[in-house]
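Structure first, then comments.
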Protein chains: 2
Amino acid sequence: MPRPTVNDIAREAGVSLATVDRVLNARPGVRAKTITAVNDAIQKLGYVRDQAAANLARGRDYRMAILLPDTESQFVQTLADALRDASTVAASTRVEVELHRFPAEDMHALSTLMRELADTDLAGIGLMAPETPITRDAIRAVRAKGIAVVTLASDLPNSERDHYVGIDAQAAGRTAGVLMGRFIGNQKAKVMVIANSMQLRDSIERRRGFDEVMLRSFPHISALQTLETHGSPGTLRQVLAEVLSHTPDIAGIYILGSGHRALATALSEFGMLGRVIVIGHELTAHTRKALELGHMDAVITQNLGHLARSALRVLRARADRQPIDESQETLRIEIVIRENLPPSFD
Amino acid sequence: MPRPTVNDIAREAGVSLATVDRVLNARPGVRAKTITAVNDAIQKLGYVRDQAAANLARGRDYRMAILLPDTESQFVQTLADALRDASTVAASTRVEVELHRFPAEDMHALSTLMRELADTDLAGIGLMAPETPITRDAIRAVRAKGIAVVTLASDLPNSERDHYVGIDAQAAGRTAGVLMGRFIGNQKAKVMVIANSMQLRDSIERRRGFDEVMLRSFPHISALQTLETHGSPGTLRQVLAEVLSHTPDIAGIYILGSGHRALATALSEFGMLGRVIVIGHELTAHTRKALELGHMDAVITQNLGHLARSALRVLRARADRQPIDESQETLRIEIVIRENLPPSFD
DNA sequence: GCATTTATGAGGTGCGTACCTCAAAAATTG
DNA sequence: CAATTTTTGAGGTACGCACCTCATAAATGC
């Protein structure tokens, strides 16, 4: 026998199609008793809604906006690419995506942008932004207008966002820490910690996770203070020179942000390339290459393709007031070394 | 403007809906010139066929069969669970899945089963099986009847399967090897290699990858011959006792299959628990627990939820003669340690 | 028990596509 | 050029579901 349809349920439950429809779509005006009868029939027949037909009938479009900081960072670029890819696929399920960039430091600009967007017929917003009172207020405001909000890659746990799509940054930092400790081994040593900036919440949490593991499991290794380079190769080189001259027993470098283009150059200049363990976050074109060349030993990352698809699915589910499949939407903390480098699809 | 529909194409091309339909569905009775005109219009408007509506109109269902060996192995159990989960979700896209088990050693039984299934109106088969001439013939036979075939978790590269869904076992073995080498460090040492059975192709390939890395990158570590335990705790204990008494400098154990329930017990009996590096494959309830307890140091795995969903998507795409999104369907070789253990959803 | 509220039924329309029929137009053949 | 064949158009029905309206039945309040 073919799949049961809404008509079969109506017949089975002894009610009309309209009532079945009211139950299925949680419309008001049905007695609890009737609802139960319908659900029993659904159960009995093993009815599963044909999602495609449902969407077709709804004729509904979903406009989603993705807001990313306007930085040159490889990570944001890669994320944007992944989101663009996911968007073209999502187009076949009536999901339209607009990518917006906002000035990375200007939360007022972000706030204004969100307010403007909220007045169009938007279904949801995906957002990667620093945690400030202004951001939180902006999120509250758009949520109040019934727009779903998910945070991407860097969470804003104290905001009213619907969902966070990304990995636990602190656990990622712990993972980096364990690998650093195990790769370095039992020698007494020091580890440098480098970051482009500590603005986004995830950098702070990674550092916290990293330290936690170092203190607990590798007391013979000490992690130095975070050095911010603000993306400048000059600063990096200078900082590196200074630390290396003062501190001879540097055995590892932990990069809080995504890879550092200039790091390999600077390291080889000081004859340290391949002699220190280098571990960082986020698989991008740069870190991929660094792994291939042996300039980095491990990268802790998340699958950005998955992140992008997941974000759009979650936004859509929230817009439809439908439940989320947690097991599908949970991102894994991935450890990437040269041997398990996933293929790139460019 | 909304998505273009077939009607828009008809208007744009200056032909009727019927003609557009004939072109879209490759029905005869259209001049080459007209076909071109229609295709130009499609191009110009950027039309993308709404596959959901198309399937609805076709009234098409997809019956898929998944064939797994009838072993008690934790891995197969976990895989089966993942497939069941994926199936309930897939039901909403008109995909019905039947799970079949066949006697693990009896390829004739598998072959018979496949022939029987091929005579029902099946759209595709997902299969995990050893590589034998009988398996290959059976695959050829069902493919000849227009049924799509994908291999799951363990590939049959010399068969005519449409697609393989799973990770490259040899690369997974290399990954295990590198971790083993780096975790052990610079000491001269030996590594035991244990397997339940070497029947499935992936065990052999993992071993090959492992050895490759050991020879190339860690010449001071030697990997012993593979010891088959056939799932018996007694055999394991015995084997372990023998090797440990002969060979004092065992620094690591590499488990080719998924975890070994009895390994921790046996190791602690010999006072070796926590003193050797234990690395294995496949994240299951057992290996998860072993990681949590520190009885294993790393597990190389693939996301079985992803694998299951991917398998069904690929089968469906083949049935529709539609292209596959490689980047979405490629599984990653995942390294799992205690710190990045994904949550379990049971 | 009557007025009022609430639940339910009957029936229709449309989403984008597939597939069918029949008639008419256009191209091809002898 | 007539006869034939091929191509095209017009229109309809169906798929499974969402959503709408209006009428009627049932439950509830007083």
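Quick note on labels: first sequence line is chain A, next is B, and so on, each numbered from 1. Since we're looking at a predicted model, the values are computed, not measured.
- The residues B:D325 and B:R313 are annotated as not salt-bridged, no charged nitrogen and carboxylate oxygen being separated by less than 4.0 angstrom.
- Between B:L56 atom CG and D:dA18 atom P the separation is 12 Å, expressed in whole Å.
- Comparing B:A57 and B:R22, the nucleotide of DNA chain D nearest to each residue sits closer to the 5' end for B:R22.
- When rounded to the nearest whole Å, the span between CZ of B:R60 and C1' of C:dT17 equals 14 Å.
- Atom pair A:N55:CG and C:dG14:P shows a separation of 20 Å (rounding to whole Å applied).
- Atom P of nucleotide D:dT21 and atom CG of A:D21 are separated by 14 Å, given to the nearest angstrom.
- Between the CD1 atom in B:I324 and the CD atom in B:E329 there is a gap of 7.0 Å [rounded to 0.5 Å].
- Among the protein residues, A:A18 comes within range of the nucleic acid bases, having at least one heavy atom under 4.0 Å from a base atom.
- Residue B:T19 places at least one side-chain N or O closer than 4.0 Å to OP1 or OP2 of D:dG9.
- The nearest whole Å value for the distance from the CG atom in B:N7 to the P atom in C:dT17 is 8 Å.
- Remark: the backbone N or O of B:A153 is paired with a side-chain donor or acceptor of B:Y164 at under 3.5 angstrom.
- Between A:D8 and A:R3 there is no salt bridge, since no side-chain N of the basic residue sits under 4.0 Å from a carboxylate O of the acidic one.
- Among the atoms of the strands shown, none is found under 4.0 Å from any heavy atom of A:G59.
- Between B:R58 and D:dC15, a side-chain N or O to OP1/OP2 separation shorter than 4.0 Å is absent.
- Side-chain contact of A:N25 with A:R49: a donor-acceptor pair under 3.5 Å is present, judged by distance alone.
- When the C1' atoms of four end pairs are superposed on the next four at each end of the helix from C:dG1-D:dC30 to C:dG30-D:dC1, using five pairs per end, the two resulting axes differ in direction by 10°, to 10°.
- For the pair A:N25 CG and D:dG16 C1', the interatomic distance rounds to 12 Å; values are reported in whole Å.
- Checked for salt-bridge contact, B:D320 and B:R316 meet the test: a charged N lies under 4.0 Å from a carboxylate O.
- As rounded to whole Å, 14 Å separates atom C1' of C:dT17 from atom CD of B:Q322.
- Between A:R309 and A:D85 there is no salt bridge, since none of the side-chain N atoms of the basic residue sits less than 4.0 Å from a carboxylate O of the acidic one.
- With values rounded to the nearest 0.5 angstrom, A:L110 atom CG is found 9.0 Å from A:I134 atom CD1.
- B:L17 places its CG atom 13 Å from the P atom of D:dG12, with the value rounded to the nearest Å.
- Between the OG1 atom of B:T135 and the CZ atom of B:R140 there is a distance of 11.5 Å, given to the nearest 0.5 Å.
- Each of A:R27 and A:A53 was matched to the nucleotide of DNA chain D holding its nearest heavy atom; the match closer to the 5' end belongs to A:A53.
- Contacts between residues 31-51 of chain A and DNA chain C, counted as heavy-atom distances below 4.0 Å, involve A:R31, A:T34.
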